[in-house]
Peer 1: 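Just dropping this structure here.
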Amino acid sequence: MFTQYKFGTPIDTEAIINNVTPSFFVDGEYLSLAADHSILGENKDGYLFELSLDPEDIVYGLGENVRGINKRGHKYISFCSDDPSHSEDKNSLYGAHNFLLISSKARNLGLFFDTPSRVVFDIGFTDIDKLYVYVSSDSLTLNVFSGEPTPEETVRQFRAAIGQSYIPPKWAFGYAQSRWGYRSSEDIRRVYSSYKEADLPLDMIYIDIDYMERYKDFTINRESFGDFESLVSEMKDNGVHLVPIIDGGVKIEEGYEVYEEGIANNYFCKDKDNNDFVVGVWPGDCLFPDFLNDKARAWFGQKYKFLLDMGIEGFWNDMNEPAIFYSRKHLNEVYDKLEDYKSKELDLNNFFDFKDLVSGINNNDIDYKSFYNNYKGTTYNHYDVHNLYGYYMSRGAMEEFRKLTPNKDILLISRASYIGMHRYAGIWQGDNNSVWSHLLMNLKMMPSLNMCGFLYTGADLGGFNCNTTEDLLLRWTALNQFIPLMRNHSALGTRQQEFYRFKNIDLFRNLLIARYRMIPYIYDTFVSCVKTNSMMFKPLGFEFMDDPIAREIEDQLLVGNEIMIAPVVTQNTTGRVVYFPERMKEIRFENSAVTEGNTYEQGYHYINLPLGTTNFFLREGRKIPIAEEALSIDAAFMAQTKIYEY
Ligand code: GLC
């Protein structure tokens with residue numbers, strides 16, 4: 001049952017699609033949802049929702065965020081944030097995915113707090129047995145999904161209400177190499193030829209900000225990418241798609257077409273005095289296009305034509321939380337204050353104030369409250385609609401792609417997102433680190449993102465920040481055998497992590513072949529999950545609801561309806577203990593061959609899985625297709641398949 005409660009005059013985020021009508025609609029001021037023992041009331045800061053949690057309740061959800069599959073025991077904040085340190089103590093990442101699913105034998109309750117402003121989810125943090133949700137707005141749409149016997153059915157109801165997820169082109173299921181630091185056409189050609197020489201497959205190269213002229217969107221740095229158009233076609237002939245980045249901020253520069261057009265049409269965000277709000281991002285002083293404004297959004301979306309015309313068929317939209325290095329106004333204030341410090345001694349208090357003055361300059365709340373968006377004809381303080389910015393940037397792009405290239409599917413991933421954006425683009429999970437806990441976090445985020453409609457997703461394989469190691473990269477590639485968006489990406493200044501740079505190239509090749517062999521299953525499962533509003537990655541507790549051990553497993557997942565995965569996520573181990581909620585048969589990928597392994601009875605078993613080897617476990621009575629050996633994504637789709645069954 002889908003019940004919708006409206007309080008005040010909520011902003012329509014268009015997360016819920018038009019043609020879905022709730023079974024019940026309540027226009028309320030204050031409410032007690034007696035059946036669920038939950039209370040929603042107004043307080044001075046907005047709305048407070050309160051729900052008692054039973055010990056056996058699992059709280060799933062929140063899409064892209066830190067911590068476990070079960071979200072209990074922490075406070076999470078829904079506010080799209082550019083924070084590259086995804087440590088356990090953080091509260092927000094780049095997406096705002098306000099969906100929770102409370103699941104136990106007694107109930108399956110889905111709650112979607114649909115509001116574009118900041119929301120705090122206190123899930124057993126203040127009181128271990130309580131869920132508190134604070135909404136910092138005087139209006140809210142609360143969507144409640146209840147009455148279904150299983151968590152999966154509850155998700156399906158919710159997903160039906162938010163509309164069908166984005167399906168990228170088939171080639172986007174291949175393997176992508178990316179790095180912040182490819183500075184020229186030659187660098188790109190070198191990556192391609194090094195993969196080729198090492199006999200390693202490659203389907204995409206993502207190109208980061210250096211292809212642009214001084215980081216200006218929709219420009220090409222002709223000094224280093226003089227032959228961009230021929231590079232694109234040459235790579236395409238080699239079976240490699242180039243995927244350039246586009247950033248949220250537009251450089252202020254006279255004569256720069258995007259800036260001039262935006263100014264002429266008033267498409268940029270304004271401050272309270274109706275002046276363009278100047279912020280700093282990669283190119284220096286910039287303006288933010290007001291993606292919430294229909295006209296500005298469509299205009300910016302049309303700008304991608306510049307690259308589409310050069311043969312580009314895929315993009316990644318970045319820095320669209322939006323990330324703010326500084327606002328010009330605040331920066332000037334900081335400079336003035338710094339002058340004062342020159343004459344002071346930096347004692348205990350002064351020193352930390354001084355330090356905070358500079359370190360607190362980016363992504364500052366005061367800046368987010370200092371500019372405005374025009375959404376559906378009304379002007380809002382940005383803070384109140386913040387979580388829609390990346391969503392509408394990517395939505396605008398996809399809406400225009402559908403007009404510009406109606407017969408071609410375009411790949412699009414975004415860093416920031418809100419539920420609703422899943423209909424237009426995928427997401428990557430932002431600037432993670434090359435650490436083992438982030439490999440596990442990649443796995444844990446898959447089901448929560450799937451719940452919220454994000455099916456085309458993945459994390460930076462190998463880790464973005466910090467220096468990766470060969471074993472971490474191998475284990476991460478092994479997990480990515482099953483993950484739709486498979487992109488090896490790393491930050492400027494970190495250890496280079498293209499596969500050909502390592503000792504055991506054969507192991508990387510075997511893992512890529514294993515990925516291609518799984519393509520028929522991955523792609524069919526993906527598309528069928530999109531069409532049936534299902535999750536491709538499920539926690540074990542979704543299927544084995546009566547098994548208390550399965551319900552607590554945080555490092556194994558079901559992929560589709562047929563298989564379970566249990567990747568190795570710790571260093572210096574040649575295997576791991578796997579929990580089998582039922583009898584299953586192992587299928588192994590070793591030295592590029594597929595073998596049928598042992599059958600395991602219900603319970604715990606130690607599974608040997610050396611570096612460069614992968615496996616999955618086939619459920620009893622199920623079967624899956626595995627492709628013959630292929631060395632590219634195109635070949636994988638054409639390859640003969642063999643059915644493995646148990
Ligand atoms: C941001 C992105 C990252 C990219 C970098 C430079 O940090 O998240 O993926 O490499 O910007 O463009």
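Start at 1 and go down the list; that is how both ligands and their atoms are numbered.
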Peer 1: From the options D285, N364, N363, N332, select the one residue that forms a side-chain hydrogen bond (donor to acceptor under 3.5 Å, both in side chains) with Y326.
Peer 2: D285
Peer 1: Less than 4.0 Å between a side-chain N and a carboxylate O, is that true for K270 and D290?
Peer 2: no
Peer 1: I'd like to check the salt bridge (charged side-chain N to carboxylate O under 4.0 Å, His left out) partners of D89; sequence neighbours left out, ordered by chain and number.
Peer 2: none
Peer 1: Mind checking side chain to side chain contact (heavy atoms under 4.5 Å, CB included) for R214 and listing every partner two or more places apart, or none if nothing turns up?
Peer 2: K216, K251, E253
Peer 1: For ligand 1, what N or O to protein N or O distances fall under 3.5 Å?
Peer 2:
| residue | atom | partner | partner atom | Å |
| --- | --- | --- | --- | --- |
| ligand 1 | 7 (O) | D431 | OD2 | 2.6 |
| ligand 1 | 8 (O) | R415 | NH1 | 2.9 |
| ligand 1 | 8 (O) | D431 | OD1 | 2.5 |
| ligand 1 | 8 (O) | D431 | OD2 | 3.4 |
| ligand 1 | 9 (O) | H489 | NE2 | 3.0 |
| ligand 1 | 10 (O) | D208 | OD2 | 2.5 |
| ligand 1 | 10 (O) | H489 | NE2 | 3.0 |
| ligand 1 | 11 (O) | D318 | OD2 | 3.0 |
| ligand 1 | 12 (O) | D208 | OD1 | 2.5 |

Peer 1: Keeping the roles fixed (side chain from N221, backbone from E223), state whether a donor-acceptor pair exists under 3.5 Å.
Peer 2: yes
Peer 1: The criterion is salt bridge (charged side-chain N to carboxylate O under 4.0 Å, His left out); which residues satisfy it with D83, sequence neighbours excluded?
Peer 2: K90
